[in-house]
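The structure under discussion appears below in the form of structure tokens.
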Amino acid sequence: MRALPVGDRALLIEVGSGEEAEALHAELLRRRAAGDLVVAEIVPAARTVLLDGLDAPSRLAARLASWEVPPVPARAKAVVEIPVRYDGPDLADVAAHWGVDAAEVAAIHAAAEFRVAFCGFAPGFGYLTGLPREVPRRSTPRTAVPAGSVALAGPYTGVYPRSSPGGWQLIGTTDTVLWDHARVPAALLAPGTRVRFTPVGAA
Amino acid sequence: MTDRALVVVRAGALTTVQDLGRPGYAHLGVPRSGALDAPTAALVNRLVGNPPDAAVLETTLNGCSVRPRSTVVVAVGGAPCPVTVDGRPAPWGAPVRVPEGALLDIGAARAGVRGYLAVSGGVAVEPVLGSRSTDLLSGLGPPPLTNGTVLPLGRPARAHARVDVVPHPAPPSELVLRMTFGPRDDWFTAAARRTLVTHPYAVSSASNRIGLRTDGPALERARPGELPSEGMVLGAVQVPPDGRPVVFLADHPTTGGYPVIAVVHPADLAGAAQAAPGTPVRFVAVRRR
């Protein structure tokens, strides 16, 4: 675990893997809830957790060395199910990368259990880990990806909450609303949420 | 019964509703947003007797005009510009009474970029996640104003500030950004780190509420490859593949995959909000407090 200072008020804590980042994130949330840590933002990411709005980052950095971080906590939370039509325009490209047919891409995706490692890019966009195979981004990003597109990139899968540009491989679509600011909570997916995709009849 | 609202007559190049923003949701991918020149937004609110979290209008370069449906007290600050009420000159940087139905015009900036209009009672559009700010990156909050938009106003506070003159920094002729190196300065060559603090840069016309883009020498990377996405702070100096530093402003993405060479001191970001394209930029390295 390595703590990098970020300006005067933040620390970027770097760990060795995505799993360690999730475990550290859970531990930081636990310590904040216990009143042991005062911080404005805790932002988990691929290999890091950012703590922003700290009074004394260097003091916390020194304390971190002695922390015991338990592994990712037991998967007690309910699984969010997202129904998907596997009808995306990049299904054939992903199938070619994996050396399988399009139906098998859908089967692999629908069989996996995912977990939101971190969010970013847009409100409600979660980077979900658990994909058993990787796939590169598209060489040319699309200028507009429709809302509800189910996509793959690198080791991640995700769902576009709103129409936006994007370079991920689109394998399907869902009607599930990922972000609704009139809803509490507004985001369907938050770091740590477990997710399964369930196939529904192709459009 | 009075109709407490503002009718937008001329929306201007880009006019948005802004308050203190929505911090605390970065883990969901929600930018903090809020007024880019926060000290000026607080100042104009004070001039009309509003609390600091009241929503104001943030204009860009060519101001805007509005017609209140009831008599209000307003104050205009930020980029210096002409202010008129029904065509008659009115003071800038001071409280002004605008009668019901009169046309308040905020003219083009004579210097600087962003103007701020506070109205007694504050702009009272529906908050999203505790803030009325327009967030251009993720589309949260009210959309940028268009001609004909009607903005509801809140109930005014009783007391107005009684001031004639307020200290107000002029828009910068040179933007000096104090910064501390890190967290990813080791992704750049020693020469690139030196270039950043010794070479003049200039504000690029591609700048917006998301980032202050700069023109100048490209910063050379010491290590190739991709950085896994990581959390980003306000003021982060991110270096995309073209090597030109971008300073993250209020609507910045909450995570990003390009290395951050340094972080600008938050007190210097108000100046960044007012630096017009072409303004020279000097990055000054300071030691961490």
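Below, chain A is the first sequence line, B the second, and so on; all start at residue 1.
Neither the backbone nor the side chain of B:L227 comes within contact range of chain A, judged by heavy atoms closer than 4.5 Å. Interface remark: A:A122 contributes backbone atoms only to the contact with chain B (heavy atom separation under 4.5 Å). For B:L28, the parts lying under 4.5 angstrom from a heavy atom of chain A are both the backbone and the side chain. For B:P23, the parts lying under 4.5 angstrom from a heavy atom of chain A are both the backbone and the side chain. If you measure heavy-atom distances from B:M232 to chain A, the contacts under 4.5 Å come from the backbone alone. Residue A:L189 touches chain B through its backbone alone, counting heavy-atom pairs closer than 4.5 Å.
With a 4.5 Å cut-off on side-chain heavy atoms, B:H265 and A:D8 count as touching. Contact check for A:W179 versus B:V30: side-chain heavy atoms found under the 4.5 Å cut-off. Contact annotation: the side chain of B:T180 never approaches that of A:P5 to less than 4.5 Å [non-hydrogen atoms, C-beta and beyond]. Side-chain contact check for B:V233 versus A:L50: some heavy-atom pair is nearer than 4.5 Å. Counting only heavy atoms from C-beta outward, the side chains of B:S229 and A:F118 approach each other to under 4.5 Å.
Interface remark: of the candidates A:A46, A:G7, A:G120, A:G7 forms the most heavy-atom pairs closer than 4.5 Å to chain B. Top candidate by heavy-atom pairs under 4.5 Å with chain A, chosen from B:T254, B:L137, B:V128, is B:V128. Top candidate by heavy-atom pairs under 4.5 Å with chain A, chosen from B:P253, B:A236, B:P183, B:P228, is B:P183. Contact count versus chain B (heavy atoms, under 4.5 Å) is highest, among A:A187, A:A186, A:C119, for A:C119.
In the displayed structure, A:R183 atom CZ is contacted under 6.0 Å by more than 12 heavy atoms of other residues, nucleotides or ligands. Enclosure of atom CZ in B:R193 by more than 12 non-hydrogen atoms of other residues, nucleotides or ligands within 6.0 angstrom is indicated. Other residues, nucleotides and ligands contribute at most 12 non-hydrogen atoms within 6.0 Å of the CD atom of B:E220.
At a threshold of 4.0 Å, the pair A:D52-B:R32 counts as salt-bridged, since one of the basic side-chain nitrogens sits closer than that to a carboxylate oxygen. Taking 4.0 Å as the cut-off between side-chain N and carboxylate O, B:E226 and A:R137 do not count as a salt-bridged pair.
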Next on the checklist: Assess the residue pair A:L12 and B:R184 against the criterion (side-chain contact (heavy atoms from CB on, under 4.5 Å)); give the C-alpha distance rounded to whole Å, side-chain angles, the decisive distance to 0.1 Å, and a yes or no.
Outcome noted: CA-CA 10 Å; A:L12 188 68; B:R184 299 294 178 191; 3.7 Å; yes
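With A:E41 contributing its side chain and B:A26 its backbone, the two residues share a donor-acceptor pair below 3.5 Å.
Taking each heavy atom of A:R162 and B:G139 in turn, the nearest pair found is NH2-CA, 3.8 Å.
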